[in-house]
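Excluded from the calculations below are hydrogen atoms, water molecules and symmetry mates; all remaining heavy atoms, backbone and side chain alike, are included. Residue indices begin at 1 and follow the sequence shown.
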Amino acid sequence: MMKNKRARTSVDKAVVDVWQREVGKLSTRNFAHRLAASEDLVLRLDIYKKLVKHQGCVNTVSFNSDGNILVSGSDDKRVIVWDWETGNSKLSFQSGHVSNVFQAKIMPYTDDRSLVTCAADGQVRHAQILECGVETRLLAKHQGQAHNLAIEPGSPHIFYTCGEDGLVQHIDLRTAAPTKLFTCSHIDDSRAYMPVIPLNAIAIDPRNPNLFAVAGMDYFRPPHLIGDDQAGITGLAFSDQSEILVTYINEFIYLFTQDMGLGPNPVPSSPLSAFSEASEMGFDHSAMDADEKAIPQVYKGHRNQETVKGVSFFGPKSEYVVSGSDCGRIFIWKKKGGELIRVMEADKHVVNCIECHPHTTVLASSGIETDIKIWTPKAIDKATLPTNIEQFKPKPRSRMYQVTTPQDLMLRLFSLQRRGSSPEQNGENSSIAGGVPLELVLSFNANSDASSDGGGNASGPEDLFS
């Protein structure tokens, strides 16, 4: 008589892995990788520390290559270097930017003394930590906001930037002179009113430093989003397998392989296409037939509308996908299959940034609140999915631009002036003199009267070292 086999639990797997390591059947490195990728650990993530020192929204968090240091940048225009394990600030300094800091990263192999930043003022700056303090210098500028930068893997000198002017720049710290590589423009003549493509994100393939991707209000869309002018990209990331993870405004997150390009003249599909049906069902593209491999894996549940959000892989071999959301939660999916396995309350308003530790199961998150949260698998009980999560359904796009300070307003006006205005925006009651959208001015008037929860600049001087 056949007996039903008991399903193997995560504890059973852990015991087997320990035994295999002890008898030499599993290397120490592979054992560590399996442990770090364990779903059991993901389900036990909980807040370990709250890093509190910024006086504005925290727009960027980034670990150094060793993972023992975290750097952050904020609306208060300051950069802070943290010992995240103790929760202490090692160094706090003025970035030199005149508006919100969007990115701050530590250059590798520099003893954590060389940092690069970009910001809403369009500036790209370098900060050198010296024995007597910090020196900052201007390296390059974008016309409009500079949202993102990417460091060449393993290089202490080279990084790339992109901005709302559509420009991609290569910068070598040894010469401190930017090289303008190209400006992204539309290949579709019907968009002549928009001469450049505003860029929000840039990422470098970790397996091939000569390959990088940029993204903004165009490029590499699922077929059903082709031709949708409002379906822009706010963040992207490469996996260790050279897959590209992309998060769309008012839409979902999609995983592309490099063979999913649609060519220079892509044709949009209808909402009733096979792609749409497959997306709704959450099919895994790895299981598709060869003719159906243009269908990317989709990840649902979060909301990306209010702010510029990133997206990341998590795990030693990119086993998971993580994203923030407008609902103030962190969402974690299995990369293969797109199953949502974890939702964590992380901000009272919006979670913008999630940074994954380079070597272990640790996350750093930030958003509209002024603190940074460190997450480690310390919970005794495994978490379950909340029952009140509503699957996000795309809503009609809005042309509302959110600005909160006069500086933001001027930057946005300058950016719009350079781009020109859409014919669609020149209709009755849709714009004011100079082609500036009326919604922008109304948004500024409304926001300028409202109180901001920690989004303001620093109110006074602060010591350089803490």
Lys378, NZ: over 12 other non-hydrogen atoms inside 6.0 angstrom: yes
Spacing of Thr136 atom OG1 and Arg125 atom CZ [to the nearest 0.5 Å]: 4.0 Å
Worked verdict on Val343 versus Ile330 for side-chain contact (heavy atoms from CB on, under 4.5 Å): CA-CA 6 Å; Val343 176; Ile330 295 172; over 6 Å; no
Trace of the salt bridge (Lys or Arg N to Asp or Glu O under 4.0 Å) decision for Glu39 with Arg342: CA-CA 10 Å; Glu39 184 177 335; Arg342 192 72 206 273; over 6 Å; no
Aromatic ring proximity His357/Trp375, centre distance under 6.0 Å: no
Test side chain to side chain donor-acceptor pair (under 3.5 Å) applied to Ser242 and Asn208, step by step: CA-CA 8 Å; Ser242 297; Asn208 180 6; over 6 Å; no
From CA spacing to verdict: salt bridge (Lys or Arg N to Asp or Glu O under 4.0 Å), Asp111, Arg113: CA-CA 5 Å; Asp111 197 27; Arg113 290 179 173 269; 3.6 Å; yes
Cys162 SG to Gln145 CD distance, which is reported to the nearest 0.5 Å: 12.0 Å
Stepwise side-chain contact (heavy atoms from CB on, under 4.5 Å) test for Asn148 and Thr161: CA-CA 6 Å; Asn148 209 242; Thr161 69; over 6 Å; no
Audit row: Tyr248, Tyr254, ring pair (Phe, Tyr, Trp, His ring centres under 6.0 Å) steps and yes/no: CA-CA 8 Å; Tyr248 290 84; Tyr254 296 92; 5.7 Å; yes
Thr110 (side chain) donor-acceptor with Met107 (main chain) under 3.5 angstrom: yes
Geometric cation-pi criterion, Lys335 with Tyr320: 6.0 Å, 45°: no
Check: Val322 main-chain N/O paired with Trp333 side-chain donor or acceptor under 3.5 Å: no
Check: His142/Gln123 side-chain N/O donor and acceptor closer than 3.5 Å: no
Side-chain (Asp326) to main-chain (Glu306) donor-acceptor, under 3.5 angstrom: yes
CD1-NZ distance between Ile47 and Lys373, expressed to the nearest 0.5 angstrom: 6.0 Å
Between CZ on residue Phe313 and SG on residue Cys356, distance to nearest 0.5 Å: 10.0 Å
Working for side-chain contact (heavy atoms from CB on, under 4.5 Å), residues Val116 and Leu149: CA-CA 9 Å; Val116 288; Leu149 57 83; 4.0 Å; yes
pair Val79-Thr117: side-chain heavy atoms closer than 4.5 Å: yes
Thr86-Asn88 side chain donor-acceptor pair, cut-off 3.5 Å: yes
Derivation of the side-chain contact (heavy atoms from CB on, under 4.5 Å) call for Trp84 and Phe63: CA-CA 9 Å; Trp84 64 266; Phe63 288 104; 3.6 Å; yes
Side-chain donor or acceptor of Asp347 paired with backbone N/O of Glu369 under 3.5 Å: yes
Check against salt bridge (Lys or Arg N to Asp or Glu O under 4.0 Å), Asp40 and Lys382: CA-CA 7 Å; Asp40 185 86; Lys382 291 191 290 186; 3.8 Å; yes
No-hydrogen, no-angle side-chain donor-acceptor test under 3.5 Å, Arg303 and Ser325: no
Any donor-acceptor pair under 3.5 Å from Ser74 side chain to Arg78 backbone: no
Side chain to side chain contact (heavy atoms under 4.5 Å, CB included) partners for His170, two or more places apart: Ile158, Tyr160, Asp172, Thr179, Leu181
Asp83 side, atom CG; Leu51 side, atom CG - distance, nearest 0.5 Å: 9.5 Å
Spatial distance of atom CG (Asp205) from atom CD (Gln241) [nearest 0.5 Å]: 10.0 Å
Under 3.5 Å: donor-acceptor pair, side chain of Asn59, backbone of Val101: yes
Donor-acceptor contact below 3.5 Å, side chain Asn352 vs main chain Lys309: no
